[in-house]
Amino acid sequence: MSINNNYKTNIVEETPSKIRYSMLALIFINIVINYMDRSNISVAATHMSKDLQLSTVQMGLIFSAFGWIYAALQIPSGFLVDKFKPRIVYACSLFVWSLATLLQSMVGGFGSLLGLRLTIGCFEAPVMPASNKVVSSWFPTNERASAIAIYASAQFVGLAFVSPLLFIIEDKLGWRSLFIITGVIGVVWSIIWYTLYRDPDKSKRINKAELKYIKDGGAIIDIDNDLTPIKQNTKFKFSDLKIMFSNRKLIGIYIGQFAISSTFWFFLTWFPTYLVQYRHLSFIKSGFISSVPYLAAFCGVLVSGFVSDKLIKKGVSINVARKAPIIIGLLLTTTIIGANFVNSNSNCYWRNCIRR
């Protein structure tokens with residue numbers, strides 16, 4: 001009798017494993033590679049446009065091509081991730097967009113480059129829906145927001161530290177080598193992701209205690225094979241889209257995200273060219289200065305989150321606590337207008353870093 005009691009006690013007191021954090025680390029690296037392949041063209045733009053004789057208008061179309069199809073496929077990508085497991089969707093997407101990145105090293109003109117940028121935008125579209133799906137599967141509700149914040153910060157951390165490295169590679173090896181290196185990294189990582197990632201119910205590393213912990217905490221676990229379509233309890237109706245375009249809160253989110261993305265995409269695309277051609281900075285210096293906005297964004301994301309939570313703990317209404325950081329952040333982005341009135345780089349706060 002005592003043996004049975006001890007056996008039960010050992011099961012109850014089993015310490016949950018921490019495999020979910022390993023899965024989060026995999027997503028973090030996915031996001032870093034994702035944004036590396038979005039921004040590498042901005043690094044190559046100055047020399048690539050000269051070699052391929054691309055006009056400013058053509059470069060603008062190439063920069064924006066990614067965004068056209070990426071935005072158009074967000075909703076379909078969400079349905080795709082809901083239908084199939086993120087392991088296979090993520091692996092296929094990562095492999096194809098990385099292959100397209102590599103093929104950019106072989107382009108000979110505007111048409112081929114535009115087509116490859118469209119391909120990259122198409123296959124990067126499932127990234128965020130798949131990442132959210134993974135977090136929802138591996139993390140209980142009370143840890144999910146923190147997990148999302150961590151992998152979302154990867155885009156800024158990655159850009160801040162990877163951007164200078166990309167500039168050095170381009171300067172030493174040329175813009176074609178830049179696409180080859182970043183493309184190969186993505187292709188290799190897609191294989192690593194497929195090899196290492198498993199859903200909670202398929203993982204051999206997770207113990208019963210952690211599986212119970214995340215299930216009891218609200219993790220969404222679908223027990224199906226990776227290639228088997230997940231059975232849905234409800235069917236999609238086009239009438240459901242009405243909610244997306246009539247809900248007041250959602251419309252507010254759309255407007256805010258549009259405003260943020262407009263600024264963010266300037267730094268992802270034209271900012272390096274602006275520093276080199278209009279501020280006349282050296283190519284390497286512009287690479288280090290390009291990382292400054294991403295470091296600031298990383299700090300801003302963390303600070304706004306902590307401040308918002310602290311305001312709620314002090315009794316401030318959720319309405320004010322959530323909106324205030326967003327409004328203040330959007331107002332701060334308008335300071336970019338001041339760059340039009342700065343005549344000398346030495347007038348900048350970072351004057352010791354960027355003086356020619």
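These numbers come from the heavy atoms of this one structure, side chains and all, not from hydrogens, waters or symmetry mates.
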Closer than 3.5 angstrom, by distance alone: can the side chain of [X] be matched with the main-chain N or O of [Y] as a donor-acceptor pair?
{"X": "Glu124", "Y": "Trp97", "answer": "no"}
{"X": "Asn207", "Y": "Thr15", "answer": "yes"}
{"X": "Ser93", "Y": "Tyr90", "answer": "no"}
{"X": "Thr334", "Y": "Leu331", "answer": "yes"}
{"X": "Glu210", "Y": "Ile19", "answer": "yes"}
{"X": "Gln74", "Y": "Ala125", "answer": "yes"}
{"X": "Arg20", "Y": "Leu211", "answer": "no"}

Can you find a pair of side-chain heavy atoms, one from [X] and one from [Y], that are under 4.5 Å apart?
{"X": "Ile29", "Y": "Trp193", "value": "no"}
{"X": "Leu80", "Y": "Lys83", "value": "no"}
{"X": "Lys85", "Y": "Lys133", "value": "no"}
{"X": "Met128", "Y": "Ile31", "value": "yes"}
{"X": "Arg205", "Y": "Ser22", "value": "yes"}

Arg38 to Tyr70 six-membered ring, cation-pi geometry met (6.0 Å, 45°):
yes
What distance separates Phe167 CZ from Thr46 OG1, expressed to the nearest 0.5 Å?
7.5 Å
side-chain contact (heavy atoms from CB on, under 4.5 Å) for Ile206 and Ile214? Distances and angles first, verdict last.
CA-CA 11 Å; Ile206 189 173; Ile214 63 176; 4.2 Å; yes
Applying ring pair (Phe, Tyr, Trp, His ring centres under 6.0 Å) to Tyr294 and not counting sequence neighbours gives none
If we ignore angles and hydrogens, is there a donor and acceptor under 3.5 Å between the side chains of [X] and [Y]?
{"X": "Trp175", "Y": "Asp51", "answer": "yes"}
{"X": "Asp199", "Y": "Ser137", "answer": "no"}
{"X": "Asn132", "Y": "Tyr151", "answer": "yes"}

Could you tell me whether Tyr21 atom OH has more than 12 heavy atoms of other residues or ligands within 6.0 Å of it?
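Counting neighbours around OH of Tyr21, more than 12 heavy atoms of other residues, nucleotides or ligands fall under 6.0 Å, so yes.
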